[in-house]
Structure formats: C-alpha cells, structure tokens
Visitor: 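Handing you a structure now.
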Amino acid sequence: DVQLQASGGGLVQAGGSLRLSCVASGFTFDDYAIGWFRQAPGKEREGVSCIRSSDSSTYYADSVKGRFTISSDNAKNTVYLQMNSLKPEDTAVYYCAADPFPTIAAMVGAYLEYDYWGRGTQVTVSS
C-alpha cells in the first residue's frame with residue numbers, strides 16, 4: 001500500500017523558516033508526482049508545490065515563489081518543502097500527496113489529480 005507521512009510543521013514567527021518532510025512508501029510506479037497542498041480554515045485546498053520523479057520538474061504557486069523550495073531525496077524516499085520568509089497567510093494544514101500518473105493538471109497543483117494523501121501537518125505563522 002502507498003503511504004505518505006508528512007511532518008515538520010510547527011509554530012514560527014513571521015519571517016521564519018520551516019522544513020516539511022514527506023516520506024513515501026509502497027511506491028512501485030516508474031513516474032509520479034509528489035505535491036504539497038495546504039488548507040486554511042474556511043478556504044479551499046490549494047496546491048503549493050510539486051515535483052515529478054522522472055525529470056525533477058517542479059511547480060510553485062505564485063504566492064510562494066521565491067520563498068519555498070521543493071526537493072527530493074530518492075534514497076530516502078522523501079520530498080522536502082523548505083519554507084522561508086514565512087507569512088501569517090501561510091498558516092494552514094499542509095498535506096503531501098502522490099499522483100502515480102502525472103498529468104499537466106497535476107503538475108500545476110490541481111489537487112483533484114492526486115490519488116494518495118498523507119495526514120496533514122499544521123503550520124502556524126504568527127505576526
């Protein structure tokens with residue numbers, strides 16, 4: 001079974017940094033995308049960033065470009081999201097998810113394209 005485990009959330013002041021980790025297991029796919037998504041109270045889930053295993057292509061939402069960096073360590077089956085210059089509006093529950101058959105929509109953060117989801121990790125940025 002495919003399993004995803006996200007961790008690394010916490011409470012940080014505005015301007016601070018956090019690194020989220022997503023450990024994946026049970027993968028038998030040749031090509032897949034791992035995405036990070038977030039959902040704030042009362043808001044729709046949104047795609048933050050994603051990375052594709054075959055060519056390491058990446059996507060970032062406009063709201064996080066220049067501040068967040070996604071990377072992967074294949075040896076550890078882990079995808080990271082380095083979040084710098086955090087803002088209060090980044091406060092949300094962050095989820096990682098996997099799409100075993102990446103589509104164009106998946107690679108621009110369309111969460112409905114993703115089939116496997118881990119439990120979220122809370123990120124709270126205080127002003």
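Values below: all heavy atoms of this structure, side chains included; hydrogens, waters and symmetry mates excluded.
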Visitor: Suppose we screen for side-chain contact (heavy atoms from CB on, under 4.5 Å). Which residues come up paired with R67, at least two apart in sequence or across chains?
Guide: V64, S85, K87, D90

Visitor: Give me the atom names and distance for the closest heavy-atom approach of I70 to V79.
Guide: CG1-CG1, 3.7 Å

Visitor: Extract all donor-acceptor atom pairs below 3.5 Å that involve side chains of residues 1-19 and protein atoms in other chains or at least two apart in sequence.
Guide:
{"residue": "S17", "atom": "OG", "partner": "N84", "partner atom": "OD1", "Å": "2.9"}

Visitor: Show the nearest heavy-atom pair for residues W36 and C22, with the distance to one decimal.
Guide: CZ2-CB, 3.5 Å

Visitor: Check for a donor-acceptor pair, side chain of D31 on one end and backbone N or O of S54 on the other, with a separation under 3.5 Å.
Guide: yes

Visitor: Same hydrophobic cluster for L112 and W117, using side-chain heavy-atom links shorter than 4.5 Å among ILVMFWY?
Guide: yes

Visitor: So which heavy atom on V93 is nearest to which on G120, and how close?
Guide: CG1-CA, 3.7 Å

Visitor: So does D55 have more than 12 non-hydrogen atoms from other groups sitting under 6.0 Å from CG?
Guide: yes

Visitor: Looking at residues at least two apart in the chain, or sitting in another chain, which of them share a side chain to side chain donor-acceptor pair (under 3.5 Å) with T69?
Guide: none

Visitor: What's the shortest heavy-atom distance between A98 and P100, and which atoms?
Guide: O-CD, 3.9 Å

Visitor: Might you point out which heavy atoms bring T78 and S21 nearest each other, and give the distance in Å?
Guide: CG2-CB, 4.2 Å

Visitor: What are the two closest heavy atoms between F37 and A97, and how far apart are they?
Guide: CE1-CB, 3.9 Å

Visitor: Tell me whether M107 shares a hydrophobic cluster with Y116, the cluster being built from Ile, Leu, Val, Met, Phe, Trp, Tyr side chains joined at under 4.5 Å.
Guide: no

Visitor: With sequence neighbours excluded, give me every side-chain hydrogen bond (donor to acceptor under 3.5 Å, both in side chains) pair touching residues 42-51.
Guide: R38-E46, Q39-R45, E44-Y111

Visitor: Please collect all ring pair (Phe, Tyr, Trp, His ring centres under 6.0 Å) contacts where either partner lies in residues 40-97, sequence neighbours excluded, each pair once.
Guide: none

Visitor: Once disulfide (SG to SG under 2.5 Å) is applied, what residue pairs with a partner in residues 26-61 remain, sequence neighbours excluded?
Guide: none

Visitor: Check for me, please, whether Y32 and L81 land in the same ILVMFWY cluster - side-chain distances under 4.5 Å, paths through other members count.
Guide: yes

Visitor: Between T91 and V123, does the side-chain contact (heavy atoms from CB on, under 4.5 Å) criterion hold? Intermediate values first, please.
Guide: CA-CA 5 Å; T91 295; V123 171; 5.8 Å; no

Visitor: In Å and rounded to the nearest 0.5 Å, what is the CG to CD1 distance from N77 to I34?
Guide: 9.5 Å

